[in-house]
Undergrad: 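Next up is a structure, given as structure tokens.
So you know, we letter chains A, B, ... as the sequences are listed, proteins then strands, and number each from 1.
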Number of protein chains: 2
Amino acid sequence: MLTIGKLGQSAAVKVPTIRYYEQIGLLPAPERSSGNQRLYGKSALDRLAFIRHARELGFPLEAIRDLLSLSDRPDQSCAAADAIARRQLSAVRARIARLKALEAELERMIGQCAQGTIADCRVIEVLGDHTLCATDHDVPVESAA
Amino acid sequence: MLTIGKLGQSAAVKVPTIRYYEQIGLLPAPERSSGNQRLYGKSALDRLAFIRHARELGFPLEAIRDLLSLSDRPDQSCAAADAIARRQLSAVRARIARLKALEAELERMIGQCAQGTIADCRVIEVLGDHTLCATDHDVPVESAA
DNA sequence: CTAATCTCTCTAGCAACTATAGGTTCAAGG
DNA sequence: CCTTGAACCTATAGTTGCTAGAGAGATTAG
């Protein structure tokens, strides 16, 4: 039996994240010690590792929820799991394409910067006037924090 | 003088988003009509277009805030603007590299899927066991919603 | 036995919006 | 002139996937 801290260490998931997963129903509520602390078995570790790994591959939690419920029914066709993975793959590819366009535009913008004053800064100018752009990039994009 | 709706249309930014930008101080509070509705001039349109465009290029709002305050001082060196753009470029490149690793892993995972039952589904199996992975991808990644 | 380290619950915050509710104003048609 | 419907107003809550904090209780090492 693992405490939440040990579980977190084993699966490389932070403790509050585990509690969060339980809260949103991705992990079942585990048994508790006499002092009300969570105690986990091997199956919880497997499940958490699965979640972690899927997150690393960029699957959204809702997709992971679906994958988990699939893996609970091992006799069914894996077409659904395959479909989820394919969706994820095409999402990843779309993001790569999008980011490459951004990369090109940023490179162009920076390449034109002669390090003068703001008044002739191409960076500022390009941002202020979309028509100066070489590529199309009018779909909003998520932050690159 | 533009109403918020016209402004939004002209800059391709949704109305609630404009109000949000005002709320967080990215756009100045505009004058109001006798009936308390916002009225914008050309400068607001320029500023909003700038923000929109920078968002398209993936700049986080905080970076845009910096760029805007730079563009308000046209006599200064543009080194700071250049630095912001370069930071953004390297963030974009890092994300591309990361996504390519994910793409490769997903391709591998899907390629192994023989469309049998869940019990021998490589997708599920690979997700459950990180050691089956070809590539390293242990840094958490943002969702691909 | 005590001190340090977990762990507990609950709440609030992050980015960057989006949506909803419930009300007001405006522009155009009859 | 009046009404209808679209656009506008404020304020609040929700989204995703966590992270951080407060204040209290549990456990374990020495």
Side-chain angles (χ1 to χ4, degrees), chain A residues 1-27 29-40 44 48 50-68 88 91 95 139-145, chain B residues 1-27 29-40 44 48 50-68 88 91 95 139-145:
Chain A
M1 287 301 175
L2 300 163
T3 62
I4 197 171
K6 302 288 178 193
L7 178 69
Q9 258 187 293
S10 311
V13 174
K14 288 178 192 150
V15 167
T17 304
I18 297 172
R19 287 195 279 248
Y20 169 72
Y21 286 162
E22 179 183 330
Q23 192 194 310
I24 62 169
L26 267 193
L27 287 176
E31 33 171 331
R32 298 286 183 126
S33 75
S34 55
N36 198 34
Q37 302 196 346
R38 289 170 179 83
L39 290 178
Y40 296 92
L48 184 55
F50 182 100
I51 295 170
R52 156 108 208 275
H53 197 188
R55 285 295 297 138
E56 280 168 8
L57 289 169
F59 288 87
L61 290 182
E62 277 317 297
I64 295 173
R65 200 188 289 278
D66 293 346
L67 287 168
L68 280 169
Q88 175 62 14
R95 283 152 62 86
V139 186
V141 82
E142 70 295 341
S143 144
Chain B
M1 285 303 170
L2 301 163
T3 62
I4 198 170
K6 303 287 178 194
L7 178 70
Q9 259 187 290
S10 310
V13 174
K14 288 177 191 149
V15 167
T17 304
I18 298 173
R19 286 195 278 249
Y20 169 72
Y21 287 162
E22 180 184 330
Q23 192 193 312
I24 64 170
L26 266 193
L27 287 176
E31 35 171 329
R32 298 286 182 126
S33 75
S34 55
N36 196 36
Q37 301 195 346
R38 291 171 179 81
L39 291 178
Y40 296 92
L48 184 55
F50 182 100
I51 295 170
R52 157 109 209 276
H53 196 187
R55 285 295 296 135
E56 280 168 7
L57 288 169
F59 288 87
L61 289 183
E62 277 318 296
I64 296 173
R65 200 187 289 278
D66 293 346
L67 288 168
L68 281 169
Q88 176 62 14
R95 284 152 61 86
V139 186
V141 81
E142 71 293 340
S143 143

Undergrad: Does a side-chain N or O of A/T3 approach OP1 or OP2 of C/dT7 to a distance below 4.0 Å, or not?
TA: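 Checking C/dT7 against A/T3, a side-chain N or O does come within under 4.0 Å of OP1 or OP2.
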Undergrad: C/dC26 phosphate, OP1 or OP2: any side-chain N/O from B/S33 under 4.0 angstrom?
TA: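 Checking B/S33 against C/dC26: at least one side-chain N or O falls below 4.0 Å of OP1 or OP2.
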Undergrad: Any side-chain N or O of A/Y21 less than 4.0 Å from the OP1 or OP2 oxygen of D/dC18?
TA: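 It does, given that an N or O in the side chain of A/Y21 lies less than 4.0 Å from OP1 or OP2 of D/dC18.
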Undergrad: Given D/dA26, D/dC9, C/dA16, identify the nucleotide with an atom nearest to the side chain of B/Y20.
TA: C/dA16
Undergrad: State whether B/T17 places a side-chain N or O below 4.0 Å from either non-bridging phosphate oxygen (OP1 or OP2) of C/dT18.
TA: yes
Undergrad: Mind calculating the distance between CD1 (B/I24) and P (C/dC17) to the nearest angstrom?
TA: 8 Å
Undergrad: Rounded to whole angstrom units, what separation is found between the OH atom of B/Y40 and the P atom of D/dC9?
TA: 7 Å
Undergrad: May I ask you to say whether A/R38 pairs ionically with A/E22, meaning some side-chain N is under 4.0 Å from a carboxylate O?
TA: yes
Undergrad: For the pair made of CZ in A/R55 and C1' in D/dG17, what is the distance, rounded to whole Å?
TA: 6 Å
Undergrad: Quick one: which of C/dC8, D/dG17, C/dA16 gets closest to the side chain of A/L61?
TA: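 Among C/dC8, D/dG17, C/dA16, the one nearest the side chain of A/L61 is D/dG17.
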Undergrad: Just how far is it from atom NZ of A/K6 to atom OH of A/Y40, taken to the nearest 0.5 Å?
TA: 15.0 Å
Undergrad: Rounded to whole Å, how long is the line connecting atom CD of A/Q37 with atom C1' of C/dT5?
TA: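 Distance, rounded to whole Å: 11 Å.
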Undergrad: State which of D/dG17, C/dT25, D/dT10 makes the closest approach to the side chain of B/R32.
TA: D/dT10
Undergrad: With a 4.0 Å cut-off on N to O distance, would you call B/R65 and B/E62 a salt bridge?
TA: yes
Undergrad: In whole angstrom, give the distance that lies between atom CD1 of B/I18 and atom C1' of C/dA16.
TA: 15 Å
Undergrad: For A/R19 and C/dC10, is the shortest distance between a side-chain N/O and OP1 or OP2 below 4.0 Å?
TA: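 For C/dC10, OP1/OP2 do not have a side-chain N/O of A/R19 under 4.0 Å.
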Undergrad: So how far is it from B/R52 CZ to B/K14 NZ, rounded to the nearest 0.5 Å?
TA: 10.5 Å
Undergrad: Would you compute the distance between atom CZ of B/R55 and atom CD1 of B/I64 and round it to the nearest 0.5 angstrom?
TA: 5.5 Å
Undergrad: Just the rounded figure in Å: distance from P of C/dT25 to CG of B/L39.
TA: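 The answer, rounded to whole Å, is 14 Å.
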Undergrad: Nearest-nucleotide wise, let me know which of A/R38 and B/P16 is further upstream toward the 5' end of DNA chain C.
TA: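 Closest to the 5' end, via its nearest nucleotide, is A/R38.
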Undergrad: Could you state the CG-P distance from B/L27 to C/dC17, rounded to the nearest angstrom?
TA: 11 Å
Undergrad: Name the closest nucleotide to the B/I4 side chain, picking from C/dT7, D/dC9, C/dT9.
TA: D/dC9
Undergrad: Atom CD of B/Q9 to atom C1' of D/dC8: distance rounded to whole Å?
TA: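 Interatomic distance, CD of B/Q9 to C1' of D/dC8: 14 Å.
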Undergrad: State whether B/K14 places a side-chain N or O below 4.0 Å from either non-bridging phosphate oxygen (OP1 or OP2) of C/dC17.
TA: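 Negative; the distance criterion is not met.
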